[in-house]
Amino acid sequence: MALPRQDDDFPAWYQEVVKQAELAEPSLARGTMVIRPYGFAIWEAIQRAVDDRIKATGHQNLYFPMFIPYRLLEREAEHVEGFAPEVAVVTHAGGEELAEPLVVRPTSETIIWDTYARWVQSYRDLPLLYNQWANVVRWELRPRLFLRTTEFLWQEGHTAHETADEAVEESLKILHHVYREAYEEVMAIPVHAGRKSPSERFPGAVETYTLEALMRDRKALQGCTSHYLGQNFAKAYGVSFLNRQGEQELAYATSWGLSTRAVGGVIMTHGDDAGLRLPPALAPVQVVIVPIFRTDDERGRVLEASRRLADELEGLRVRIDDRDDLRPGFKFNHWELRGVPVRIELGPRDLDAERATLVPRLTGEKEEVPLPKLGDRVREALDRSQRGLFEDARAFRDQHTFRPNDLVEMKTLLREPGGFMLTGWCGSEECEAKVKEETKATIRYLPVEPSPPEGPCIVCGKSAVDEASWALAY
RNA sequence: CGGGACGUAGCGCAGCUUGGUAGCGCGCAGCGUUCGGGACGCUGAGGUCGCGGGUUCAAAUCCCGCCGUCCCGACCA
């Protein structure tokens, strides 16, 4: 019943919230999950936020199949090397062994670029600005609900461009105007936009951009990726076009994705010991009205007033919890666990005084509001919750961002209190690997534009080429 | 895949050492009393004891094999 405390056991807290709030549960095949209606509603709200912005930036949705001939995967060397270990392969179907095995897509660059080859002949055919909502499968070793499941839902955008500049611009546009906005304005999760180090890059990418957020256990979560793929996939799959100079040229690619992992980010960014705290823009239920009564007479009065109130809150997602068999205290806990931003208590005492009791999930403080003012106050409380969750998360993140002077200090800070560590980095993979070996921290992001910081590499002491942000990560 | 823990009712667990009628709490159903921070009483339903094999008159319990889950590590959106 009671949740484990976050400070005592964060992973146990997380699992219990997901289960008790009825977001999702593990299913039969290892690492798969059933997303329950309440959890799926949160995902749908994220989808809407992302999809609207994808379309607003000029993209169209389409759909590619989930089965990809194995040989297609093999054409891009880096790509196959990166994904082969975690790919599920179908060898039998229709009661027979297949002449050619099919992979269940771990991502769709291969089939999409193989198709694009037939769609692109001229610079006039470019750009292709397409996105698909799909499920993908990656055979992960250690699954975790929402954060890392064998099958997950996501969108993957795949664009083809005439020039490298245009493709780079596209991948950054998506990062900032689609993903960052969805994260910060809708999910109320503050993020750092950055660039991945070569060792953390997507297999086959020239550059991988990322949004990184800090969870309440002080571990970082990668919120999405946006890749500039250069001409690698065009070359592997033969996507060439006649350019403005009349020469054959390979198209420039981007791909970018945001997955159901984002739901996990919402849980771990905002949740507290009482359960979820959902930003109103995302909350399947924004306002819950809990009627309080003893006698049948009171029940009639209070329920009627509740319905009137719900009507007045038109346009908001309002729910009246009129279950007869449960007492108010139980309902309070029930909806707090589910993160509903605003609760309104309505009982005989309130009605007699022509007021209602309003309780924002953000603060938990009860406020008595005269009925005529309630509509305005509810909307105000929702606005305040949306902003408050974001501000809280940002303050938490900033309080957990440090600039250690040496590796020893960084190691100490990573352990307690934890968070993002900003340091100079010389750019060598050896130094990166050494930090990982000694602290388990990895480079979460580098600035989008490389800008050598003052001071040396925290590992080797040579001059730094980049400011790296290190953290323990999911 | 390596190290550790664990699989018994929907959930959490006891029972196993020393083989012999499968139990407790929560939840669930019915009825009644309750109702402003996780109510209570009575009655009741619910079990291939993870799966397969072995030992035995008899296996949740002992033996062998397998499967799965969780935690820690390597891989990762």
Side-chain angles (χ1 to χ4, degrees), chain A residues 1-4 9-12 14-16 19-20 22 25-32 81-87 106-107 134-156 179 196 199-203 208-213 220-227 255-265 274-275 290-296 298-299 302 321-337 343-353 355-357 359 364 366 368 433 436-437 440 442 473-474:
Chain A
M1 301 286 200
L3 288 173
D9 189 345
F10 196 87
Y14 178 81
Q15 257 186 265
E16 278 301 307
K19 182 169 129 191
Q20 290 187 26
E22 299 180 345
E25 61 187 39
S27 189
L28 293 182
R30 178 189 157 71
T32 60
E81 194 188 323
F83 279 106
E86 51 186 88
V87 113
T107 178
N135 59 340
V136 288
V137 168
R138 297 182 188 177
W139 222 254
E140 300 289 355
L141 297 176
R142 243 181 93 192
R144 224 136 126 39
L145 292 172
F146 288 113
L147 299 172
R148 198 183 305 104
T149 45
T150 299
E151 177 191 6
F152 58 94
L153 307 182
W154 75 347
Q155 58 67 221
E156 46 178 326
Y179 294 149
K196 284 291 185 188
S199 71
E200 299 268 333
R201 252 182 225 146
F202 176 78
T208 289
Y209 300 105
T210 177
L211 295 181
E212 298 284 329
L221 183 75
Q222 179 172 329
C224 62
T225 48
S226 183
H227 315 289
S255 70
W256 24 276
L258 181 146
S259 75
T260 32
R261 167 181 264 200
V263 178
V290 179
I292 296 162
F293 49 81
R294 278 175 231 222
T295 63
D296 279 353
E298 284 175 351
R299 181 173 185 277
V302 169
D321 188 350
D322 59 359
R323 291 177 291 179
D324 274 340
D325 50 335
L326 298 173
R327 303 162 99 224
F330 183 92
K331 295 180 181 177
F332 298 164
N333 284 287
H334 178 91
W335 295 108
E336 279 166 13
L337 173 66
R343 176 174 84 238
I344 296 172
E345 302 173 15
L346 202 58
R349 283 203 316 251
D350 297 298
L351 285 188
D352 291 343
R355 57 167 164 79
T357 304
V359 192
K366 298 199 180 195
E368 290 171 350
K436 185 171 185 182
E437 198 185 309
K440 289 175 189 160
T442 48
Y474 276 96

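Reminder, nothing fancy here: chain letters follow the sequence lines and each chain counts from 1.
The CD atom of A/E345 sits 10.5 Å away from atom CZ of A/R355, with the distance rounded to the nearest 0.5 Å. Rounded to the nearest 0.5 angstrom, A/S259 OG and A/F146 CZ are separated by 10.5 Å. Distance check: A/W256 CH2 to A/F202 CZ gives 13.5 Å after rounding to the nearest 0.5 Å. Remark: A/N135 CG to A/F152 CZ distance equals 9.5 Å, nearest 0.5 Å.
For the C1' atom pair drawn from B/C49 and B/U21, the interatomic distance equals 15 Å after rounding to whole Å. Distance check on atom C1': B/G3 versus B/U17 gives 26 Å, rounded to whole Å. Taking atom C1' in both B/C6 and B/C13, one finds a spacing of 12 Å when rounded to whole Å. Taking the C1' atoms as reference points, B/G7 lies 40 Å from B/U34, given to the whole Å. Annotation: B/C51 and B/G12 have their C1' atoms spaced 23 Å apart (nearest Å). Rounded to the nearest Å, the gap between the C1' atom of B/C62 and that of B/C16 is 10 Å. For the C1' atoms, the distance from B/G50 to B/C57 is 27 Å, rounded to whole Å. Using P as the reference atom, B/U8 and B/U48 are 12 Å apart when rounded to the nearest Å.
Stacking here means ring centres nearer than 5.5 Å and ring planes tilted less than 30 degrees, and by that measure A/F152 stacks onto B/A77.
Between the side chain of A/E140 and the backbone N or O of A/T149 there is no donor-acceptor pair closer than 3.5 Å. The closest donor-acceptor contact from the side chain of A/Y179 to the backbone of A/G257 lies under 3.5 Å. Under the 3.5 Å distance criterion, the side-chain polar atoms of A/D352 are left unmatched by any main-chain donor or acceptor of A/R349. With hydrogens and angles ignored, the 3.5 Å screen pairs no side-chain donor or acceptor of A/R299 with any backbone N or O of A/F293.
In this structure, A/E151 atom CD and B/A77 atom C1' are separated by 14 Å, rounded to whole Å. In this structure, A/F330 places its CZ atom 15 Å from C1' of B/C40, rounding to the nearest Å. Distance NZ (A/K366) to P (B/G36): 10 Å, rounded to an integer number of Å. We find that CG of A/D321 is positioned 18 Å from P of B/C35, with the value rounded to whole Å. Distance, A/N135 CG to B/A77 P: 18 Å, rounded to whole Å. Rounded to an integer number of Å, the gap from CG of A/D352 to C1' of B/G36 is 13 Å. In this structure, the CZ atom of A/R323 is 12 Å from the C1' atom of B/G38, given to the nearest Å. Here B/G36 presents its P atom at 12 Å from CG of A/N333, a figure rounded to the nearest Å.
The existence of a salt bridge linking A/E368 and A/K366 is excluded, since no basic side-chain nitrogen approaches an acidic carboxylate oxygen closer than 4.0 Å. Ion pairing between a basic and an acidic side chain is recognised when a charged N comes within 4.0 Å of a carboxylate O; A/R323 and A/D325 show no such pairing.
Nucleotide B/A45 forms no Watson-Crick or G-U wobble pair with any nucleotide shown, as no partner meets the under 3.5 Å limit on both distances. Pair assignment for B/G7 gives B/C67, based on Watson-Crick or G-U wobble hydrogen-bonding distances that are each under 3.5 Å. With both pairing distances under 3.5 Å, B/A14 is matched to nothing as a Watson-Crick or G-U wobble pair. With a cut-off of 3.5 Å on both Watson-Crick or G-U wobble distances, the partner of B/A77 is given as none. Pairing partner, B/U33: B/A39, with both Watson-Crick or wobble hydrogen-bond distances short of 3.5 Å. Nucleotide B/G20 is matched to B/C57 when pairs are restricted to Watson-Crick or G-U wobble geometry with both distances under 3.5 angstrom.
Below the 3.5 angstrom threshold, one finds no donor paired with an acceptor across the side chain of A/E25 and the base of B/G10. Within 3.5 Å, no donor on the side chain of A/K331 pairs with an acceptor on the base of B/G36, nor the reverse.
By the 6.0 Å and 45° rule, A/R144 stacks over the aromatic ring of A/Y14. Cation-pi contact between A/R343 and A/F332: present, with separation from the ring centre below 6.0 Å and deviation from the ring axis of at most 45°.
Checked against A/T208 for a side chain to side chain donor-acceptor pair (under 3.5 Å), the options A/H227, A/Q222, A/K196 give a single hit: A/H227.
In this structure, A/Y474 and A/R148 approach most closely via the heavy-atom pair C-NH2, 3.6 Å. Residues A/A274 and A/L3 approach most closely at C-CD1, 3.7 Å, considering heavy atoms.
You'll find that the side chain of A/K19 is closest to B/G12, out of B/G12, B/A77, B/G37. With B/G37, B/G38, B/A77 as the candidates, the nucleotide lying closest to the side chain of A/T225 is B/A77.
Nearer to the 5' terminus of RNA chain B, by closest-nucleotide assignment, is the contact made by A/L337 (compared with the other of A/L337 and A/T150).
Heavy atoms of A/R343 sit under 4.0 angstrom from at least one base atom. Residue contacts shown for A/G257 are absent, as no nucleic acid heavy atom lies under 4.0 Å away. At a threshold of 4.0 angstrom between heavy atoms, the contacts of A/E200 with the nucleic acid are absent. As judged by a 4.0 angstrom heavy-atom cut-off over every strand, A/T357 is placed among the base-contacting residues. Counting any heavy atom pair closer than 4.0 Å across all strands shown, A/S255 reaches no nucleic acid atom.
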Distances under 3.5 Å only, N/O to N/O: pair up the protein atoms with those of nucleotides 28-34 of chain B.
none

Pick out the pairs of N or O atoms, protein on one side and nucleotides 41-43 of chain B on the other, that lie under 3.5 Å.
none

Atom pairs, protein N/O to nucleotides 69-76 of chain B N/O, distance under 3.5 Å:
{"residue": "B/U69", "atom": "OP2", "partner": "A/R30", "partner atom": "NH1", "Å": "3.4"}
{"residue": "B/C70", "atom": "O3'", "partner": "A/Q15", "partner atom": "OE1", "Å": "3.4"}
{"residue": "B/C71", "atom": "OP1", "partner": "A/Q15", "partner atom": "OE1", "Å": "3.4"}
{"residue": "B/C72", "atom": "OP2", "partner": "A/R142", "partner atom": "NH2", "Å": "2.1"}
{"residue": "B/C75", "atom": "OP2", "partner": "A/K436", "partner atom": "NZ", "Å": "3.3"}
{"residue": "B/C75", "atom": "O2", "partner": "A/E140", "partner atom": "OE1", "Å": "3.4"}
{"residue": "B/C76", "atom": "O2'", "partner": "A/E140", "partner atom": "OE2", "Å": "3.0"}
{"residue": "B/C76", "atom": "O2", "partner": "A/R148", "partner atom": "NE", "Å": "2.2"}
{"residue": "B/C76", "atom": "N3", "partner": "A/R148", "partner atom": "NE", "Å": "3.2"}
{"residue": "B/C76", "atom": "N3", "partner": "A/R148", "partner atom": "NH2", "Å": "3.1"}

